[in-house]
Amino acid sequence: MSEQQKQPAATGSKMDKLVALCRRKGFIFQSSEIYGGINGFWDYGPLGVELKRNLKDAWWKDIVRCPGVGADGEMLDMVGLDCTIIMNPKVWVASGHAAGFNDPMSTCRQCKKLFRSDHVPELLKEAEWVKSLFKAYEENESKFNPQMLVNWAKKRGEKLAPGLAFVRGIKEVGAEAFDFFANKETDGFMENVRRLATPVKYDGPPITPCPNCGGDLTEPRQFNLMFESHAGAVQDESSKVYLRPETAQGIFCNFRNVVDTSRVKVPFGIAQVGKAFRNEVTPRNYTFRSREFEQMEIEFFIRPDTANEWYKFWRDERFKWWQSIGLSSANLQLREHDKDELAHYAKVGAGTSDIEYKFPFTDPGYGELEGVAHRADFDLKAHAQHSGLGDKLKYFDQELQVKLLAAGGMSKEEIAEKCKYFPHVIEPSAGADRGTLALLCEAYTDDPGRPSGVVMKFHPRMAPIKAAVLPLVDKDGMPEIAEKIYKDLRTTWNVQLDVKQSVGKRYARMDEAGTPYCFTVDSQTLEDQTVTVRHRDTLAQERINVSQVRAFLAEKVG
RNA sequence: GCGGGCGUAACUCAGUGGUAGAGUCACAGCCUUCCAAGCUGUUGGUCGAGGGUUCGAAUCCCUUCGCCCGCUCCA
């Protein structure tokens, strides 16, 4: 008998085609492919590395080298940093990662669902079958008896909690299970729920039921999401180190160093681009969730009372930036986090937003490109406490001091105290690999009208190859002229010279690589020193003088 | 980690127990005066890996790895 085959969604096939093109043209390869690959790790090929580098370079230039005007109307004060991947393990204790990234998990033996063990009690309180049980109890209150519990199991339990031991076989559970409600006041919630899930003859610790089906959960098992290694030759507990799960902590640890050496004043930002590592349970969706990935992070340090305006500033600024490098506003959205999904460091404060892109594999939903979070002073305070440096990590705000002295009304001691504080932090944290993937998805355009059938419409600033120089035919002096132009352009841009095969085939190759412009040398060039410019997106052609080629490209791609 | 699907050339696929194939791509040469023309040639596969059954395995069996989908995870 043939199984019903589910056809992949139309969006899925676009992703399949993009993945195939990335492989074929050398954008992205699976890491260590000749050994069968390794899940969650990806390599960038010759075109991919140019694309990703263009993204990172644009970010560095726009954030660190020539940032614009900030929320306060002043020029933004930004500096860069490059920290190590491996740091003192105490860093991860202070940051909360050593705890947060070591979450024990449990699987349901009946329905196979996976849960964070520490979330199970909360999930159980909200579980449909538990609610139903309570409802059955409340309807009868004092008259409630064991038979009613059996009735519930038969009527509602089989639907809502088919995995629950009490439902699967009522006799399996001991008589004390029937005290579930009678002892509601004296026993803990979890203890009561466990009684319904634990057969009387069962030899072992009480079983925690599954919030989904009531089945038995496995004992909590460790899922360490931080990669471990050892510093030094001796591999014991004392030499254990971690690959950083985010680049941010390197910035916080160097906060004092930067303030002391680079004359920055609050408000100012420290930026870093670098690799981070997370041992994700399930890497998925091409490069979207990788175990090794690159972040582009800003920690922007501000006076606590200016958090709202700076948070809004960076959220909007970063949203505009992604559009400026070619992501269409139709595929981007800003999403403010709900209170209950806020990270541990952002429970209070101005908020957290995700800048999200509508990837083909999330469509019609969105996937995170960048998170903008008000981290308050969580990190600096944590490092002050764990390092023992305490108030020495505080920032002294001389500008504020001058202002308060001029205003009068406070003693010098009061002012000094007010001017010494832990700056709050607004953190725009972007994924370089996710950004690159978004650029690829955005650029991918089916076009049956052209020979290649597909064209990668990269923003010229992002395009891996900025231009190709093509002699129309490989004779009559055309290759020589093309080579001269090529040699000149390559001193500034990544350009290609291609003389082989028909010009149509070369255009097609360039369409797949996303090259925005082709300069073609033809017989007319020999007479009047003009070349044709072929525009990738419109297929339009115009003639410009050879001497104008450099200026043309400079204007278009920067 | 659980369940389902899939692994043959760089890509798309054919090959159901008997000598591993086709087209495309790539590369070289000829040709070619604006969008993958044509001709000639070349590179490239121990059929994901390991083991088993068999005279003989891409094909049958077991194990394993990888990919895709769902659950889940993504402080």
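Numbered from 1 within each chain, the chains take letters A, B, ... in sequence-line order. Reckoned from all heavy atoms, side chains included, excluding hydrogens, waters and symmetry mates.
Regarding A:Lys500, its NZ atom lies at a distance of 21 Å from the P atom of B:rC35, rounded to whole Å. With rounding to whole Å, A:Leu21 atom CG is found 15 Å from B:rA26 atom C1'. Between A:Arg24 atom CZ and B:rC27 atom P there is a gap of 13 Å when expressed in whole angstrom units. Summarising the geometry, the separation between CD on A:Gln30 and P on B:rC6 is reported as 19 Å, rounded to the nearest angstrom. The interatomic distance linking A:Arg509 (CZ) with B:rC25 (C1') rounds to 10 Å, in whole Å.
For an aromatic pair to be called close, the ring centres must be under 6.0 Å apart, and A:Phe29 with A:Trp42 fails this. When ring centroids are compared, A:Tyr44 and A:Phe27 stay outside the 6.0 Å threshold.
Between the side chain of A:Arg23 and the base of B:rC11, no donor-acceptor pair of N or O atoms lies under 3.5 Å. A donor and an acceptor atom never sit less than 3.5 Å apart when one is taken from the side chain of A:Arg506 and the other from the base of B:rC35. A donor-acceptor contact under 3.5 angstrom links the side-chain atoms of A:Ser523 to the base of B:rU33. At a cut-off of 3.5 angstrom, the base of B:rA26 holds no donor-acceptor pair with the side chain of A:Gln501.
One N or O on the side chain of A:Glu297 and one on the backbone of A:Ala248 form a donor-acceptor pair closer than 3.5 Å.
As the counterpart of B:rG70, B:rC2 is assigned, both hydrogen-bonding distances of the Watson-Crick or G-U wobble pattern falling under 3.5 Å. Base-pair partner of B:rG56: not found among the strands shown (Watson-Crick or G-U wobble, both distances under 3.5 Å). B:rU24 is paired with B:rA10 under the criterion used here, namely a Watson-Crick or G-U wobble arrangement in which both key atom distances are under 3.5 Å.
Across all strands shown, A:Asp447 has no heavy atoms under 4.0 Å from either base or sugar-phosphate atoms. Across all strands, A:Leu470 comes closer than 4.0 Å to no nucleic acid atom at all (heavy-atom distances). Here A:Asp511 lies out of heavy-atom contact (under 4.0 Å) with every strand. Across all strands, A:Gln541 comes closer than 4.0 Å to base atoms (heavy-atom distances).
On the P atoms, B:rG51 is 16 Å away from B:rU46, given to the nearest whole Å. Here the separation of B:rU8 from B:rU59, taken at their P atoms, is 13 Å to the nearest Å. Look at the P atom in both B:rU53 and B:rC67: the space between them is 31 Å, to the nearest Å. Taking atom P on both B:rA58 and B:rA26, the two are 31 Å apart, rounded to the nearest angstrom. Of the P atoms belonging to B:rG38 and B:rC71, the separation is 47 Å, rounded to the nearest Å. If you take atom P in B:rC34 and the same atom in B:rG70, they sit 49 Å apart, rounded to whole Å. Using P as the reference atom, B:rC11 and B:rG7 are 14 Å apart when rounded to the nearest Å. For the C1' atoms, the distance linking B:rA57 with B:rC61 amounts to 11 Å, nearest Å.
Within the structure, every side-chain polar atom (N or O) of A:Asn279 is placed at least 4.0 Å from both OP1 and OP2 of B:rC73. Distances shown here put a side-chain N or O of A:Lys475 below 4.0 Å from the OP1 or OP2 atom of B:rU32. Not one side-chain nitrogen or oxygen of A:Thr532 sits closer than 4.0 Å to the OP1 or OP2 atom of B:rC34.
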What's the verdict on salt bridge (charged side-chain N to carboxylate O under 4.0 Å, His left out) for A:Lys52 and A:Glu294, showing C-alpha distance, side-chain angles and the deciding distance?
-> CA-CA 10 Å; A:Lys52 187 176 170 187; A:Glu294 200 156 14; 2.8 Å; yes

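A:Lys25 NZ: more than 12 foreign heavy atoms inside a 6.0 Å radius.
By the 4.0 Å N-to-carboxylate-O rule, A:Glu368 lies too far from A:Lys358 to be salt-bridged with it. Using a 4.0 Å cut-off between charged side-chain N and carboxylate O, A:Arg534 and A:Asp511 make a salt bridge.
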